[in-house]
Amino acid sequence: MFPSYDIIVVGAGHAGCEAAAAAANLGSKVLLITMNMQTIAQMSCNPAMGGIAKGQIVREIDALGGYSGIVTDKSMIQFRMLNRSKGPAMWSPRAQNDRMLFAATWREMLENTPNVDFYQDMVNGLLITQGKVHGVITGLGHKIEAKAVVVTSGTFLNGVIHIGEKRFGGGRVAEKAATGITEQLVSLGLESDRLKTGTPPRIDGRSLDYSKMEEQKGDEEVIGFSYLDTQKPKEQRSCWITYTSPTVHEILKTGFDRSPMYTGRIEGVGPRYCPSIEDKINRFAERERHQLFIEPEGWNTVEIYVNGFSTSLPEEVQYNALKEVPGFEQVRIFRPGYAIEYDYFPPTQLTHSLETKSIQNLFFAGQINGTTGYEEAACQGLMAGINAHQKIRDLEPFILKRSEAYIGVLIDDLISKGTEEPYRMFTSRAEFRTLLRQDNADLRLTEMSYRLGLASQERMDRTIAKRSGVEKIKEILKDFSLEPAESEQYLQEKNSAILTQKQRALQVLLRPNIDLTSMIKAIPRLGHDLHTFNTDTIEQAEIQVKYDVYIEKEKELVKKMAQLEDLLIPDNFNYDRISSLSNEALQKFKRIRPRTLGQASRISGVNPSDVQILMVYMGR
């Protein structure tokens, strides 16, 4: 019934979809197995992509030739560039999406990708012989052979849903949990643990009074995520902001004695940076109110997502508390919020290619590795799909450094430090964030991916044109002399000192209140010289000019750090012979087996002296 495949991808969430697309586009024959063909690429929690640091990840996925950016652009109902008041390293794109259109677009793109086959079934076991995976066993009893397997099980592995005192198995509401894989892998020596996440109630938007809330519109200019010319929405839907109150908090507290979080029924650790509402009022008891974002679920639905009100309290407590929120007095609930507990495998058991250390050709991506969020899952899926393809062809793994991408930071954090709570990406996790901006992901990554065979010729051509255009603009700005008379009115309007003599446009652009777009509009001669360049290229040139000093400083730091990154530790290195290592360092080096001295230095609990000792022994 089934042919043999190059790669089987287990699970069709954000990680599974990117893994299947990447491997197939590189030329592997892929089977994507999902428990439900109708929930491919489902947005299980909020209908949004991007945000702080997450938006950078989506742009990196797109620059590498993944699909998430394109799908997001095609299904967005609102776009905002967050942190515009800060420097470009902090700018983060975010889109509100049509939940149903997002999933439908993903499925359509996968169905139009040659080399991807689909099958609806549960995978409850892996075919493993002599420490090497060679296929899967399904719930219907099929044994399907493959050279590599990528497991992207999301919250489905032994998933348990909690609503107040009610508790039932499930990977999402109304969907059954997946069983068998955890037990098999644990029996083979892998370590597993439990995590928890949650989701808010879904609301009937017709029952809300928006006049009591603050409107939050999208940006006038919809930049989007993809570096290709994707279709952007001509209009946008607003989101809304309202707040909890002491009354809401008191009502929520009446359910604490039946809360699975506080009665010990949930053992898994929840996400620190996306806590439930009961966790927020408990941890931040001094706060009288918490912000709630009222987010539409799509163009043609009245369903509303209440961002900030994730909860697993009993339904009647959720309802009674929501009625006290301004604008929610007549609220009708479509579905209560709930918590879900699931298995994950601590990611220190993986290599940087996301292959398990103990079982060859078996790759993990997404929440199985302890992450939270669609974007974190999608980028891992992309990398696992690429590396599964590389592995079965005896090609070098594709590994991004911390200085090259947020994706590199995320994977290195997981592999080196592990995580005991759902991991979320932040700009603060990236020590080279001035280099890793959302605006330059194509300049950083597209050529690498093109050499692999994933990024298309069109992407490469666009990247070359942008790089060339940026250099031309910088040259024009260096050579262009601004006359005092032609710039006087513009500089006065910008509250900037007027010129007393000719000055290079490049020097004027370095002033804090000056931006290149307005300068082009105000100085016709400059506009004439730069009129052929698009907005993206002009913005990139401006950022490179204005932040040149900081960018160069960071590049110098990367060079210094690269010395440690280039010092490879042999796979068979015997740590036991180094008697002067601390006990903690010895244990962690043996368990994690870092690839380089750089990675060794980032393992939590390892001191600089341990790294120096290791360096001395390697030198010997």
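The residues of the chain are indexed from 1 along the displayed sequence.
Contacts classified as side-chain hydrogen bond (donor to acceptor under 3.5 Å, both in side chains) and involving residues 537-546 (residues at least two apart or in different chains) are given here: Arg437-Gln540, Asp439-Gln540, Lys474-Gln544, Asn534-Thr537, Gln540-Gln544.
Between the Asp515 side chain and the Ser518 main chain, a donor and an acceptor come within less than 3.5 Å of each other. Between the Gln380 side chain and the Gly366 main chain, a donor and an acceptor come within less than 3.5 Å of each other. Using a distance-only test at 3.5 Å, with no hydrogens or angles considered, no donor-acceptor pair links the side chain of Ser468 to the main chain of Ile464. With Gln291 contributing its side chain and Ile241 its backbone, the two residues share no donor-acceptor pair below 3.5 Å. A donor-acceptor distance shorter than 3.5 angstrom exists from the side chain of Arg107 to the backbone of Met37, with no hydrogens or angles considered. Of the possible donor and acceptor atoms, one in the side chain of Ser449 sits under 3.5 Å from a partner among the backbone N and O of Leu64. The main-chain N or O of Ser226 is never found under 3.5 Å from a side-chain atom of Thr230 such that the two would form a donor-acceptor pair. Side chain of Thr301 to backbone of Gly298: no donor-acceptor contact under 3.5 angstrom is found. Judged by distance alone, with hydrogens and angles left aside, the side-chain atoms of Glu376 form no donor-acceptor pair with the main-chain N or O of Thr371 at under 3.5 Å.
Within the cation-pi definition used here (under 6.0 Å to the ring centroid, within 45° of the axis), Arg429 does not qualify as a partner of Phe426. Both the sub-6.0 Å distance and the 45° axial angle are satisfied by Arg59 relative to the ring of Tyr227.
Looking only at side-chain heavy atoms (C-beta outward), Leu410 and Tyr423 come within less than 4.5 Å of each other. A heavy-atom distance below 4.5 Å is not found between the side chains of Trp240 and Gln216. At least one side-chain heavy atom of Phe284 sits less than 4.5 Å from a side-chain heavy atom of His290. Side-chain contact between Gln96 and Arg237: absent, with no pair of heavy atoms (C-beta onward) separated by less than 4.5 Å. Inter-residue side-chain proximity for Met81 and Ile223 is flagged as met; some heavy-atom pair is nearer than 4.5 Å. Looking only at side-chain heavy atoms (C-beta outward), Thr155 and Tyr344 stay at 4.5 Å or farther from each other. At a threshold of 4.5 Å between non-hydrogen side-chain atoms, the residues Pro326 and Tyr243 do not count as touching. Considering only heavy atoms from C-beta on, Ile603 stays 4.5 Å or farther from Thr348 through its side chain.
Heavy-atom minimum distance, Ile203 versus Phe328: CG1-CE2, 4.2 Å. Considering all non-hydrogen atoms of both residues, Ala430 and Tyr406 come closest at CB-CE2, 3.7 Å. Across all non-hydrogen atoms, the minimal contact from Pro347 to Gly418 is CG-CA, 4.1 Å. Contact between Ala405 and Arg444 at its shortest, heavy atoms only, is CA-NH1, 3.6 Å. Among all heavy-atom pairs drawn from Met561 and Phe432, the shortest one is CG-CZ, 3.9 Å. The two residues Ala24 and Asn115 make their nearest non-hydrogen contact at O-ND2, 3.2 Å.
For Phe398 and His352, the gap between ring centers reaches or exceeds 6.0 Å. Checked against the 6.0 Å centroid threshold, Phe364 and Phe345 count as a close aromatic pair.
Environment of NZ in Lys232: crowded, with over 12 heavy atoms of neighbouring residues, nucleotides or ligands closer than 6.0 Å. The environment of Lys466 atom NZ is dense: over 12 non-hydrogen atoms of other residues, nucleotides or ligands sit within 6.0 angstrom. Atom CZ of Arg511 has more than 12 neighbouring heavy atoms from other residues, nucleotides or ligands inside a 6.0 Å radius. A 6.0 Å sphere centred on CZ of Arg289 holds no more than 12 heavy atoms belonging to other residues, nucleotides or ligands. The neighbour count for Glu420 CD, taken as heavy atoms of other residues, nucleotides or ligands under 6.0 Å away, does not exceed 12. Glu111 CD: more than 12 foreign heavy atoms inside a 6.0 Å radius. With a 6.0 Å radius and a threshold of 12 heavy atoms from other residues, nucleotides or ligands, Glu108 has its CD atom at or below the threshold.
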Take Met213 and Leu292, measure what side-chain contact (heavy atoms from CB on, under 4.5 Å) needs, and give me the verdict at the end. CA-CA 10 Å; Met213 307 180 202; Leu292 302 177; over 6 Å; no
Run Glu341 and Lys196 through salt bridge (Lys or Arg N to Asp or Glu O under 4.0 Å) and show every step you take. CA-CA 4 Å; Glu341 206 176 3; Lys196 166 246 166 189; over 6 Å; no
Evaluate side-chain hydrogen bond (donor to acceptor under 3.5 Å, both in side chains) for Thr372 paired with Gln367, printing each intermediate quantity in order. CA-CA 6 Å; Thr372 178; Gln367 283 173 292; 5.1 Å; no
Show the numbers, then the answer: is there a salt bridge (Lys or Arg N to Asp or Glu O under 4.0 Å) between Arg459 and Asp62? CA-CA 10 Å; Arg459 285 188 182 278; Asp62 185 76; 3.0 Å; yes
Worked check of salt bridge (Lys or Arg N to Asp or Glu O under 4.0 Å) between Glu556 and Lys559: CA-CA 5 Å; Glu556 284 301 312; Lys559 279 181 192 171; 3.6 Å; yes
List the steps, then state whether side-chain hydrogen bond (donor to acceptor under 3.5 Å, both in side chains) holds for Thr463 with Asp442. CA-CA 6 Å; Thr463 303; Asp442 52 345; 4.7 Å; no
Could you walk me through whether Tyr67 and Asn25 pass the side-chain hydrogen bond (donor to acceptor under 3.5 Å, both in side chains) check? CA-CA 11 Å; Tyr67 286 178; Asn25 284 326; 3.0 Å; yes
Which is it for Phe102 and His14 under the ring-ring contact (aromatic ring centres under 6.0 Å, His included) test, yes or no, and what are the steps along the way? CA-CA 11 Å; Phe102 182 93; His14 299 259; 5.6 Å; yes
May I have the step-by-step check of salt bridge (Lys or Arg N to Asp or Glu O under 4.0 Å) for Arg462 and Glu458, ending in yes or no? CA-CA 6 Å; Arg462 283 171 174 269; Glu458 182 189 358; 3.3 Å; yes
Could you walk me through whether Ile52 and Leu82 pass the side-chain contact (heavy atoms from CB on, under 4.5 Å) test, one step at a time? CA-CA 7 Å; Ile52 308 298; Leu82 308 182; 4.1 Å; yes
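The distance from the CE atom of Met460 to the OG1 atom of Thr446 is 7.0 Å, given to the nearest 0.5 Å. Note that the OG atom of Ser312 and the OH atom of Tyr338 stand 12.0 Å from one another [nearest 0.5 Å]. Here CG of Leu110 is found 8.5 Å from CD of Glu18. Values are rounded to the nearest 0.5 Å. One distance of note links CG of Leu26 with CD1 of Ile7; it measures 8.5 Å at 0.5 Å rounding. Within the model, atoms CG of Asn369 and CG of Leu354 stand 6.0 Å from one another, a figure rounded to the nearest 0.5 Å. The CG atom of Leu509 sits 4.5 Å away from the CE atom of Met519 when rounded to the nearest 0.5 Å.
Judged purely by distance below 3.5 Å, without hydrogens or angles, the side chains of Ser92 and Gln56 pair a donor atom with an acceptor atom.
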